[in-house]
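Per chain, numbering begins at 1; letters A, B, ... match sequence-line order.
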Amino acid sequence: MINFGYSIHKDNQINMDAVSMELLEKVKKREPSVMMCMACGSCAATCSAAQFTSFSLRHLMLKVCRGQMQGLEKEAEKCMLCGKCQLVCPRGVNTRNVIIAIRSVLEEPVNE
Amino acid sequence: MKKFDIFVLPFTIGLAFILAYTVIMYVRWIAGLSPIDKLKLRANFIKTLPRSLKEIVMESLFHRKIYKKNFLLGYMHMSFAFGWLMLIVIGNIQSHLYSRDIINPPYYPIFYKFFEPYPMPFATYKVFEFIMDFLLLYILSGVFLAYIKRIRSRLLGMQSTTRHIFADRMTLTSLWLIFPLRLLAESFTSHHRGEFLTGTLYRFFSGFLPVHHMAYPFWWAYSIALGVFFLSLPLSRYMHIITEPLLIILRNAGIKTYKEFKTYTDVELNACSRCGICIDACQMSTAARIRTVQPVYFLRDARYRRLTPSLANHCLLCGRCNEACPVGIDQVALRIIKRKDFTLSPAYYEYIPSRQITRAPVLYFAGCMTHLTPSIIIAMKEIFARAGEKVWWMDENGSICCGRPLIFSGNIESARVLMKKNKDLIEQSGASLLVTSCPICYRTFREDYHLRIPVMHHTQYIYQLIKEGKLKAEKTSISTVYHDPCELGRGCGIYDEPREVLKQYATLVSSPSERNNALCCGGSLGNSEIPHERREMITRDATLQLLSTGADYLVTSCPLCKKTFSRFSPAVIDIAQVVAGQWNSLPPAQRKNELAGTMVEQ
Amino acid sequence: MTGKVIVIGGGVTGMEAASQLSAAGHEVLLLEQKKTLGGNVSQWDRLFPSLRPAGELLDHLKENLLARKVKVYFGAEVLAVARSGNQFGVTLTDGEKMTADALLIATGFQMFDARRKEEYGYGIYTNVITSADLEEIFRQKKGIKNPSGKVPQKIAFIHCVGSRDVKCGNTYCSSVCCITAVKQAIEVKEMLPEATVYCFYMDLRMYGRYFEDFYKKAQEKHGIQFVRGRLSEAVENPDETVMLKVEDTLALRPLRMSFDMVVLMAGMEVSQGTVRLGKLLDLHFADDRFIQPSNEHLLRNVTGSKGVFVAGTATGPKTIYDCISDARSATLAIDEYLKQK
């Protein structure tokens, strides 16, 4: 193919028509309180890991809810499970179990 | 007189089976012990045998610990264990003394009245007959109580009791049938005898039933019930009959539940009798109405290898069940061992940077949770200053978690990574003492880090400062109730130092559940399954119980407990705050009103 | 048919209801626990969004009260209430007794004790105050100084303290704190034009008339910055400034910033007086601990107890607009009730 000097960028939009909620459903089944999150950011603000690296539980949960969970194993691994987020969450989300659920679901073999 | 009838076969086969099974299991378990445990056993077995025998009699037979919970409950369990044992022993003695042969087949004493329908003309014989009937009545009174307990457990002091699976119910039924069937079989055969129980019943039944024809079928039924019980015992809860004595012997020889699954762990799993006493001790049952995850169910599923992650994870690890268990199974340790089966792949936390170290004689590790209760940190700073101690607050600019929450969730590899990072910091700092404010961190520093320097919880440290005269206590007239944190109290056995410290600064009021019976605040990180509303029920219940003692303040020594309790009342402070004189500056009367307004009867 | 009504609570709601009931021809007794009328509003300087002085509104209400010849009892606390037939016998703690045909509970709210949100440092760090403390500073009219004694250059407002927070026991929204935060931020900027003011919120509830314009004015005219991120921890710096740790959810990164003064927008909770009275009169409380009226749309002022009515923030967080409306709606309900007897 001749290189004309410009390329086509992948669309930056989240296409909710094309996204699969399968992983979200699996996480929801293990920890239903993930749906209660209002993305206030208390968890990420108090997070032990976030002081050293770019880890945000709020952002992680948002990606899960938008069906963009693939490839997030490395992100989710950063959690030390210290529990501070769970102590500050104003909605009472069981945040530690959400992380455990996300990591378990991502670690499941893809073809069962 | 014939000494065999075909009806004895079910019993005899069952007996042979269970005796062989017991021998095989004992051999397997003892042989399967780790080399260190085998050494311990060999070294201590004879020495500790008297103690073990005493414990076997007191607990396995007399069920002393169950009597403490409720008299009727203890009576019921004892009637089965002790009563049945006595029935066998006395029956054997009787048949040996009065039989024509020197050796009798094993089934002979069990079915004695069938083989010897005519009484012997000796005075002592009558005594034996009376004792046998009395023992049978004793056991039957226990069976009756067991029926009642199934229908209304409250009458025997148990709010909730075990919900059994089908296999257990089958074995249970056969056990309960054994003694009534024996009663009826012996009664129908008593036309020549005049014992107070069986003889009376004979006379009663013969009035309207064809007892002579009914006796034989009932002897069959009795034998079958026994046979079924013995054959199904290995798969049922009654395995505890065989296992508990061995558990007691091994435990007294110094063998403990470790952090890995070993043969001793398997012995523990089989020693659980599913008595259900742990259910009432568990606050998830009494306060939060969660009744399907207590040790009885966890141990059962672990034993039958059908344990699910959500059951394994659904435990606060508070240890109240361990205190209540009549067999002394360390359920908390077993949970953590089994959670390792569901571990996630290890994480390496490479993002944690190397930290700048300040050299100081004392290291202060506040702990992750303490950052959310800054009053503790401020109080500790004041205390360090007053004592003139040079301290490096090592997690001031960001804590690396101590790693225990990862251990709780079964992720040991990941925990070790964090532990190494913290341990390096601790060792490079050149400090000679590590002080921490969080009991969770304290326990793991003590048990898992293997540090070369001593570790203290801040209550121990303050106690030492007072003893050394570096801190002067100033007594106030404020009344306090002390809450033992699970990890500090039951976890590490530290009950006295906090109380001694507190008594120097305030009046200490005692609460109904304290020391090793203390309530859990509900905030525990040990349970990753419990929904928030249920936790709140546990916390509300615990807060109410503690503040109903009438104390002005609820004092605790754990930041997690403090944060959890203050959900319901502002009158919660840490011991460090008491020592530093940094009360929440609220006059007592107002605090009581606030509590009344904050806590809702729902 | 006219009757005798005892209004318990001399705040905005109580005063308005007392005046209106008197205008409708009933005999009204007003019981106020403190020595002055005005309730919570008497502690405020200016009201949103017009910034009219609170005193002006209160004077207006007091005048109406006097004009109507309502009998006011100060320092009056209800000890016991007894029913005899359709009448109530009320006994005060000082022994005084009175009767009535109907009771109106207007005992309002109290502010959430911000000490319960320990990680924000109220009562622990020097320069953390609540919105009530700030309002008192405004009332003193002596300029703004932080508790350390300095004129603050950087001020932060934290929304939702003790509201929408299951860990504080209050899951409801206190409805007025957002607009109050905007108001106070604007007032601070008016007094200290060079100061930097930030508001840290979860959501901005600008639902009332001119609220949205007020918010726009805060940004446009006064340069107040709004960060969508809830405060998780506050740490005190050695110089007594307070460092806040927030996640800027829109910038997707954690954010920290030091301030000379941090103002916590503490929410509303049911008042002690309301709880006590409610227990005396056997009223129904909802799970947010405010009084539950008989029907949320049509019987907002009627309780399950015959002859006992309720108005104002005793049934939940409200603006002053809503309190005054509620007082008038209660008047109508009581009037109707008394006419039927």
Please output the residues of residues 84-91 of chain A in contact with chain B, using a heavy-atom cutoff of under 4.5 Å, in numerical order.
A/Lys84, A/Gln86, A/Leu87, A/Val88
B/Glu529 portion near chain A, given a 4.5 angstrom heavy-atom threshold:
both
Atom pair OG/CG of B/Ser310 and A/Asn97 - distance to nearest 0.5 Å
9.5 Å
By a 4.5 Å heavy-atom criterion (distance strictly below it), what part of B/Ile400 contacts chain A: side chain, backbone, both, or neither?
both
Okay, B/Asn397 and chain A: the region with an atom under 4.5 Å from a heavy atom over there is backbone
Contact class of B/Ser414 relative to chain A, heavy atoms under 4.5 angstrom:
neither
What do the steps show when you test B/His532 against A/Ser33 for side chain to side chain contact (heavy atoms under 4.5 Å, CB included), and what is the final call?
CA-CA 9 Å; B/His532 181 74; A/Ser33 71; over 6 Å; no
Criterion side chain to side chain contact (heavy atoms under 4.5 Å, CB included) on A/Phe52 and B/Arg355, from CA distance to verdict
CA-CA 11 Å; A/Phe52 306 112; B/Arg355 322 282 300 282; 4.1 Å; yes
Search all heavy atoms of B/Leu525 against all heavy atoms of A/Gly83 and return the closest pair with its distance.
CD2-CA, 4.0 Å
Look up atom OH in B/Tyr349 and atom SG in A/Cys79, then write down how far apart they are to the nearest 0.5 Å.
6.5 Å
Surrounding CD of B/Gln356 (heavy atoms of other residues, nucleotides or ligands, distance under 6.0 Å), is the total greater than 12?
no
So for A/Ala49, is it side chain, backbone, both, or neither that comes closer than 4.5 Å to the heavy atoms of chain B?
both
Between B/Arg535 and chain A, which part of the residue has a heavy atom less than 4.5 Å away: side chain, backbone, both or neither?
side chain
How close do A/Arg103 and B/Ser345 get, counting heavy atoms only, and between which atoms?
NH2-O, 2.6 Å
Winner by heavy-atom pair count (cut-off under 4.5 Å) against chain B, out of A/Gln51, A/Arg30, A/Met80
A/Met80
Run the side chain to side chain contact (heavy atoms under 4.5 Å, CB included) test on A/Cys82 and B/Met369 for me, step by step, so that the C-alpha distance in whole Å, both residues' side-chain angles and the decisive distance to 0.1 Å come before the verdict.
CA-CA 8 Å; A/Cys82 72; B/Met369 294 299 172; 5.9 Å; no
Less than 4.5 Å to any heavy atom of chain B: does that hold for the side chain of A/Thr95, its backbone, both, or neither?
neither
Less than 4.5 Å to any heavy atom of chain A: does that hold for the side chain of B/Leu344, its backbone, both, or neither?
both
Quick check: closest heavy atoms across B/Ser528 and A/Asn94, and the distance to 0.1 Å?
O-ND2, 3.0 Å
For B/Arg306, look at atom CZ and say whether over 12 heavy atoms of other residues, nucleotides or ligands are found less than 6.0 Å away.
yes
